[in-house]
Amino acid sequence: MDKVYNHIDNDKKWYRYWLDNKIFSTKVNKNKKPFVAILPPPNITGTLHMGHALNAILQDSILRFKKLQGYNTLWVPGLDHGGIATQNVIEKNLKKENKTIYDLGRKKFLVKIKEWEINVKNQILEQLKLLGCCLDWDRTAFTMDTSCSKAVKKAFILLYNKGVIYRGNKIVNWCVKCRTALSDIEVEYETEHSKIWYIKYPIYNSNSFIVVATSRPETLFGDTAVAVHPSDDRYIKLLDQIIVVPLVNRKIRIIADYAVDKIFGTGVVKVTPAHDPIDNEIALRHNLDVINVINTSGRMSNVPSCYSNLNIEEARDKISTELKKNGFLVKVDDYSHSVKKCYRCSTKIESLMSEQWFLNVKNMSQKAIDVVKKTHQIHFYPKSWETSYISWLENLRDWCISRQIWWGHRIPVYYCTSKHLTCKPIASFNIPKECPYCKGSNFVQDEDVLDTWFSSALWPLSVFNWGENEFNKDLQYFYPTSILVTGHEIIYLWVARMIQFSLEFTDKIPYKDVIIHGIVRNSNGKKMSKSLGNTIDPRQIINQYGTDALRFGLMKVAIQGRDIQISNDVFLYSRNFINKIWNASRFVLTNIKNLNIKNSKTQIQLGELVDKWILVEYYNMIKKVNKAYQDYNINIVTRELYDFFWYKYCDWYIEFAKIRLCSKDVEKSNLVLLIMATILQKTLQLLSPIIPFVTSELLKLLNKVGYSQQQININIDELESKLIIKQMTTIVQDIITKIRVTLNEMHIPVGTNIKSLFYSNNSTINQNIIRQNEHYIKSLTQIASISFIEKIDEVKNAVVLIAGGCEIYLLIDKYIEYNKERTRIEKELNTAKINLKSLASKLHNVNFINKAPKSEVTKVSIKVDNLMLKIKKLQMYLDVLKK
RNA sequence: GGGCAGUUAGCUCAGUGGGAGAGUGUUUCCCCUACAAGGAAAGGGUCGCAGGUUCAAAUCCUGCACUGCCCACCA
């Protein structure tokens, strides 16, 4: 075995082994319970970054753990076509060649995007393999696959025929760069420092005027009213008066509406129904005209010719100048407000009227709320996200599902070309043969594609072929799935919609537990994202430190639901830990050949305090780790395993073992070996879901030296039942008896919290005794949380009966002993003129006395919580010294 | 405006009522047969601020400040 763990060869070797042996492929097995996850399909916009890696590794660890627990685990891989996002990437690339997608045309463009798709897909799949993901590759899916396409069409047709999908001319968010409509959640807000214009609107047939404050003067051509608050005394007398829009002299009315804020600006709003959602609502309430003045290119249209075709900024400047020139402008103030931006290209969003497809989500939302809020079929981890999820669903408007782009699922709607008045659009899997209204036979398909999130919402269904056959075996067995692991950024975009669709189409929830992890940020705290171009490629870390180190590091910092900042330290930390594991195993493996397993049963009785201690710690660690896995707190798993393995197992148990293995008592050294190997093996198993590569190799080597799975299991049981349950409980019972006697002597009633004794004014307690023991009790409170006894549950139960005094009594005993021992040993060392510091580091050197440095003995500082072991260690130095 | 996180060592962060911690960096010593990717130590902290509850608060409560995120509004 190498001195340093070689991750590069080992990673490759094991993943190949898993692939060759089809370890990850899962079939329906009615005798086993399934545990299923579906990989949130990464967009094919580019390769995977740390955020994806975190997401994938979390799932991988959970699934591998569930597999250890005996579940029939399935993890379905897949990719998302990414709609606008991917189209944007291609457009950007084309721009480098000075081309646009329109130069190519729809067909050639789709060919181009297909090339891109294949290239990126392969890279992403390779990356997932590099990360060690236990994905069932035979099931790899893509959101543009036929099975997915069938699901999309099926869902659309069902919803269309139900009447919840409809086509309408409504105000939508329009990205002038992507040239498509967007849904409400695809819009981001950004603060912009701008101006606010105060404009005079003359009252018709009068010399007076009303002043309107607006941040968008260019839309005044589209004004069809001016609104005030119904209870605004300043303006209420003007209600229903006619006023004149400046520059165009159109006559409009003053209306009253509760949407107006009296305090804001002048308390008067110009109403532009075509270009503002709120104004649009006002218009609906008051039956106002709608005048479009901005077109889909973001330019002025339907306006006086000198403004026509100007972009927004140009129009704004010109109007500002004109208003000033004509005396309509009162003032212009600085003003900052938030503006809508496209979530994919950050271009300013225009609100405008457009003919689009919408989905009425009211019914679905209610069901999706109920499964979380009322029936608790779905749980969020952490739970705090449930509130946001519910409140979002409660305030949902209809979902605009059509997009004016080329990359995506074409809307399965056909129009009869005869354009007969009675003809209606037909939703259908294929081109209809005959129009049911006019018997015509020529059709054109709707040009638009569906929002990419429409197919995403169907993802858990489409990967199990719901579109083709909703009663297939896979769907019956694997669905609903077990967990969904994702970042909080897509709870609304994706999670909520999957739940809505799943309930709509199957009456089942799509998954039981939603595990939300944080967003990975770089060291500046900025979000890592492909569009920002500040991503770290996990491949770089894998090369440097290995996959296991990447995995362990990410798991360590991934606290449920909290954003994380990545720094190199954490990978270094992990790499070192893995090397530590490697070397500790190396030590065990080289010694274990001497183990004589046949006699193990008798040996167990020979355990010393160290053995009992490590077994208690070990037993306790297993419990904590299992619980943490169960709660999906993987960061706690890593912490517990790290602390146990390094600080307890390596620093203490193995260090002791070195000396004890020299013992001529074969029985005793056999016991040490047995315990050492048992703990190692079980710890490796618990680590294996997180760092599968190194642990697989080490477990294999352990098996090779004859330390097989079956023997281990028996031995673990033996050790746990005999040592922990029997020996430890007898020890503990002794202590408890002792405490009871002592408490009795002190006239302290059983059930009192001994920690509070000194401070409380409890009159039933003999204060004299307390005072006599003041020093005693005070020192107890100082060292109250020693790990030795406190961490055994059996003991804890017993402790609870007599309240908090138990562990303290034990400690005081040892504390006094410790102080005595320490003084004695320090004295002896002092006379021997040995430098204890260097001594400590020379523990294993038989000849160290000859090499002992000349320097004076320095103060020995010892942590209290390890004091028992420290004493032992010091005693050992002494023993060696005396020889 | 509403909601949710966070504020602990130089840096990155753990820590759910009693001992202030880890990694990293700094300083000192050590290649001793598992590990120098290691070991033994040292230094470094009014645990954001102010109140409150408690014998006891980094931890629970209230308020405030700052940072970040989400939602709504922004004429």
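Labels below follow one simple rule: chain letters A, B, ... track the order of the sequence lines, proteins then strands, and each chain is numbered from 1. Excluded from the calculations below are hydrogen atoms, water molecules and symmetry mates; all remaining heavy atoms, backbone and side chain alike, are included.
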Check side chain to side chain contact (heavy atoms under 4.5 Å, CB included) between [X] and all other residues, then give those that pass, not counting sequence neighbours.
| X | value |
| --- | --- |
| A:I196 | A:Y198, A:A213, A:F264, A:D333, A:Y335 |
| A:H7 | A:Y5, A:D11 |
| A:D643 | A:R639, A:Y647 |
| A:T638 | A:F552, A:M555, A:K556, A:I690 |

On RNA chain B, check which nucleotide each of A:N635 and A:K262 is closest to and give me the residue with the more 5' one.
->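 The answer here is A:N635.
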Tell me every residue that passes side-chain hydrogen bond (donor to acceptor under 3.5 Å, both in side chains) with [X], counting only those two or more places apart in sequence or in another chain.
| X | value |
| --- | --- |
| A:Q544 | none |
| A:S320 | A:W197 |
| A:W399 | A:D451 |
| A:H286 | A:D257 |

Give each protein N/O atom lying under 3.5 Å from an N/O atom of nucleotides 71-73 of chain B, with the pair distance.
from	atom 1	to	atom 2	distance (Å)
B:C73	N4	A:S338	OG	3.4

Go ahead and name the base partner of B:A50; Watson-Crick or wobble counts if both distances stay under 3.5 Å, otherwise write none.
->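 Matched B:A50 with B:U62 under the 3.5 Å cut-off.
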Output one line per pair: protein atom, nucleotide atom from nucleotides 6-10 of chain B, and distance, for all N/O pairs under 3.5 Å.
from	atom 1	to	atom 2	distance (Å)
B:G6	OP1	A:R562	NH2	3.2

Among residues 572-582 of chain A, which contact RNA chain B at a heavy-atom distance under 4.0 Å?
-> A:Y573, A:R575, A:N576, A:N579, A:K580
Within this structure, what is the OH-to-C1' distance between A:Y653 and B:C35, rounded to whole angstrom?
-> 19 Å
Over how many whole Å does the gap from A:K3 atom NZ to B:A36 atom C1' extend?
-> 9 Å
For A:D232, all residues meeting salt bridge (charged side-chain N to carboxylate O under 4.0 Å, His left out), sequence neighbours excluded |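 Partners of A:D232 under the salt bridge (charged side-chain N to carboxylate O under 4.0 Å, His left out) test: A:R234.
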